[in-house]
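For the single chain, residues carry numbers from 1 onward in sequence order.
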Amino acid sequence: MPYCVGVRVFSLNCWGIPYLSKHCSQRYQMIGEMLSKNEHDIVLLQEVWSEKDYLYLKKQLSNSHPYSHYYKSGVIGSGLAIFSKHRIYDTFLYRYSLNGYPYMAHHGDWFGGKAVGMAVVNLGGLTANIYVTHLHAEYSREKDTYLAHRVVQAWELQEFIRHTSAGADVVILGGDLNMHPEDLGCRLLRSYTGLRDSYLETAKFDGCENGITLIADNTFINKKELIPFETGIRIDYILFKGTSKTHIYCDFMSTTKGSVPDHPFPYSDHEALTAQLRLKFNIPAETGRKLAELVDIVTEARTEVKVGLHCAERMRYTTARTGVMGLALLFLELAIAAVPCLALGAEQPFPCASFYLLAALCFSILLTTSLLYVFYTMELKSLQGAEDQMRLAVASLQEKLRGFPVARPHHTLQRPSEGEGPSALDPEE
C-alpha cells in the first residue's frame with residue numbers, strides 16, 4: 001500500500017571557531033532562533049567546534065528538535081552535530097585516517113578530528129540512516145597539497161556509507177565536502193554509493209546562482225580566496241538515495257543568499273541548504289500479532305539480562321569487599337612483622353612459616369579478587385550495552401505496533417488518491 005512522507009533537511013557549516021570566527025555567539029543566537037521557527041525534520045551542522053555552543057543550541061532547540069547528538073573526535077572535536085524532530089535510535093562516528101599534517105598548524109584541519117557521523121532515525125516507519133560530514137579544506141586550487149587526503153576521505157566516506165546502510169530504507173548525507181561537483185572525490189562518492197544531489201534533482205530551486213554555497217557577496221568571505229571563481233563555488237551538499245521499496249524525490253531546495261533580513265551579518269561564511277524530500281514507499285504487511293510477540297520476546301530477554309546485571313553487580317561488590325579484607329589482613333601481618341624491628345631485641349612471637357603461609361594466602365586473595373573484579377566489570381559493561389540496545393529495540397517495536405505515530409514527520413502520512421500520480425508537496429519557501 002503506497003504512502004508518502006515529507007522530510008525537510010537542513011545543513012550548514014557554522015564556522016564556529018572559538019576566538020577566531022567573527023561574531024560567533026551572535027551568529028549562534030541567529031541560527032538557534034531561525035531553526036526553532038522553521039519546520040526542519042533533520043538539522044545537520046558542521047564546524048560547531050565548541051561543545052558549549054552545541055549545548056546552547058540544544059537548549060534553544062529543546063522544543064522544536066528534542067533529539068540531538070554531538071560527535072566528539074580529535075583534539076578539539078569533529079565539529080559535527082545533528083538535531084532531529086524524530087527519535088535517534090543509534091549513533092556512530094568514523095574518523096578519517098588522513099586529515100592534513102600537524103605541522104600545518106595555520107590550517108588547523110589536523111587538530112580537528114574530521115569524521116563522518118551517523119544517526120539512525122525512524123521516519124514514518126522507515127529506517128533512515130542520516131550522515132553528516134566535513135572533509136579537509138582545499139585552500140589552493142592550483143597547488144592543492146591535500147588533494148590525496150581528500151580523495152582518501154571520500155573513499156572512506158563511501159565505504160562507511162555502503163557498509164552501514166545495508167539495512168536502511170533511506171540514506172541522507174549532508175555536509176561540507178570541500179569539493180566541487182566535478183571533482184574526483186565527489187564523483188567517486190556519488191558513483192559508488194548511488195547518492196543523488198538535491199540541487200540536480202530538485203523540481204524547484206530558490207537560492208544562489210548555480211547553487212553555490214561559498215559566495216563572493218558574503219561579508220565573511222575574502223574574495224581573493226575564491227580565485228579563479230569570481231562569484232563563488234558549490235562545496236556544500238545534501239545527497240540522498242532510497243531502496244527498491246523506497247523512492248525519494250526532491251520537491252524543493254533552497255539556499256541562503258548571504259545576507260539575513262534584520263541582521264547585520266549572515267549566519268556563517270557558508271550558505272545554508274534546505275531540501276524538501278518526499279519519500280514514497282509501501283508499508284510491509286506486518287501483523288500486530290507478530291510484532292506483539294516480538295515485543296514480548298525482547299522484553300523477556302531484557303528482563304533476564306537485568307537479572308544477570310544485578311547478579312554481576314552483587315558479585316563485583318562481594319569480590320571488592322573480599323579484596324579489601326585480604327588487603328587489611330596483609331597490612332595487619334606487616335604490622336605484626338614490624339614489631340620486632342621497632343622493639344629492639346624482641347623476638348618474633350609467631351613462627352616464620354606461619355607468616356609465609358599467611359602472606360601467600362593474602363596475595364592469593366588479592367590476585368584472585370582483582371581478576372574477578374576485572375571480569376565482573378567486563379561482564380557488567382557487556383550486559384549494560386546489551387540491555388541498552390534491547391531497550392531501544394523495544395521502543396522501536398512498540399512504535400511500529402502503535403502504527404508509527406511518534407516518528408511521523410510534521411507532514412501527515414498521506415496516501416495518494418486512486419489513479420493519481422505522485423504529486424509534489426507544496427514547497428515551503
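- Judged purely by atom type and a 3.5 angstrom limit, R316 has no side-chain atom pairing as donor or acceptor with the backbone of F375.
- Across all non-hydrogen atoms, the minimal contact from W49 to Y70 is O-OH, 3.4 Å.
- Under the ring pair (Phe, Tyr, Trp, His ring centres under 6.0 Å) rule, F83 has a single partner from F10, Y54, Y67, which is Y54.
- Side-chain contact, T231 with E209: no donor N or O sits under 3.5 Å from an acceptor N or O.
- For the ring-ring contact (aromatic ring centres under 6.0 Å, His included) condition, no pair includes a residue of residues 303-325, sequence neighbours left out.
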Go through the steps to decide whether L57 and L45 satisfy the test side chain to side chain contact (heavy atoms under 4.5 Å, CB included), and finish with yes or no. CA-CA 11 Å; L57 288 176; L45 301 181; 3.7 Å; yes
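- Side chain of K245 to main chain of D169: no donor-acceptor pair is present (N/O by atom type, distance under 3.5 Å, no hydrogens or angles).
- Side chain of Q158 to backbone of W155: a donor-acceptor contact under 3.5 angstrom is found.
- Note on D41 versus K85: no salt bridge recorded, every NZ/NE/NH1/NH2 to OD/OE distance being 4.0 Å or above.
- Of the options N178, T213, T255, a side chain to side chain donor-acceptor pair (under 3.5 Å) to D236 is made by T213 and by none of the others.
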Side-chain atoms of residues 126-135: list all donor-acceptor pairs with protein atoms under 3.5 Å, sequence neighbours left out, distances to 0.1 Å.
unit_1 : atom_1 : unit_2 : atom_2 : d
N129   : ND2    : Y131   : OH     : 3.1
N129   : ND2    : T164   : O      : 2.9
Y131   : OH     : T164   : OG1    : 2.6
T133   : OG1    : Y96    : OH     : 2.6
T133   : OG1    : A115   : O      : 2.9
H134   : NE2    : D176   : OD2    : 3.2

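- Residues E39 and R8 are not paired through a salt bridge, judged by the lack of any N-O separation under 4.0 Å between the basic side chain and the carboxylate.
- Side-chain atoms of R150 come within 3.5 Å of backbone N or O of A137 as a donor-acceptor pair.
- T246 contributes no side-chain N or O that, together with a main-chain N or O of T243, makes up a donor-acceptor pair within less than 3.5 Å.
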Under the salt bridge (charged side-chain N to carboxylate O under 4.0 Å, His left out) rule, what do K257 and D206 come out as? Steps first, then yes or no, please. CA-CA 9 Å; K257 303 175 183 179; D206 178 24; 3.2 Å; yes
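- Between the side chain of S11 and the main chain of L273, no donor-acceptor pair closer than 3.5 Å is present.
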Please step through salt bridge (charged side-chain N to carboxylate O under 4.0 Å, His left out) for the pair D197 and R234, ending with a clear verdict. CA-CA 12 Å; D197 190 343; R234 185 162 81 95; 2.8 Å; yes
Full working for side chain to side chain contact (heavy atoms under 4.5 Å, CB included) between Y376 and L372: CA-CA 6 Å; Y376 287 127; L372 287 174; 4.1 Å; yes
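- In this structure a side-chain-to-backbone donor-acceptor pair under 3.5 Å is missing from Q276 to C250.
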Can you give the donor-acceptor pairs under 3.5 Å from side chains of residues 261-269 to other protein atoms, not counting sequence neighbours?
unit_1 : atom_1 : unit_2 : atom_2 : d
S268   : OG     : N13    : O      : 2.5
S268   : OG     : H270   : N      : 3.3

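- Screening D388, L309, V307 against L383 for a side chain to side chain contact (heavy atoms under 4.5 Å, CB included) leaves a single residue, L309.
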Show, in sequence, the C-alpha distance, side-chain angles and deciding distance for T256 and E271, and conclude whether the side-chain hydrogen bond (donor to acceptor under 3.5 Å, both in side chains) test is met. CA-CA 5 Å; T256 53; E271 301 308 311; 2.6 Å; yes
Applying salt bridge (charged side-chain N to carboxylate O under 4.0 Å, His left out), run through E51 and K72 and close with a yes or a no. CA-CA 9 Å; E51 189 171 1; K72 300 178 181 179; 3.3 Å; yes
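- Looking only at distances, a side-chain donor or acceptor of D183 sits under 3.5 Å from a matching main-chain atom of H180.
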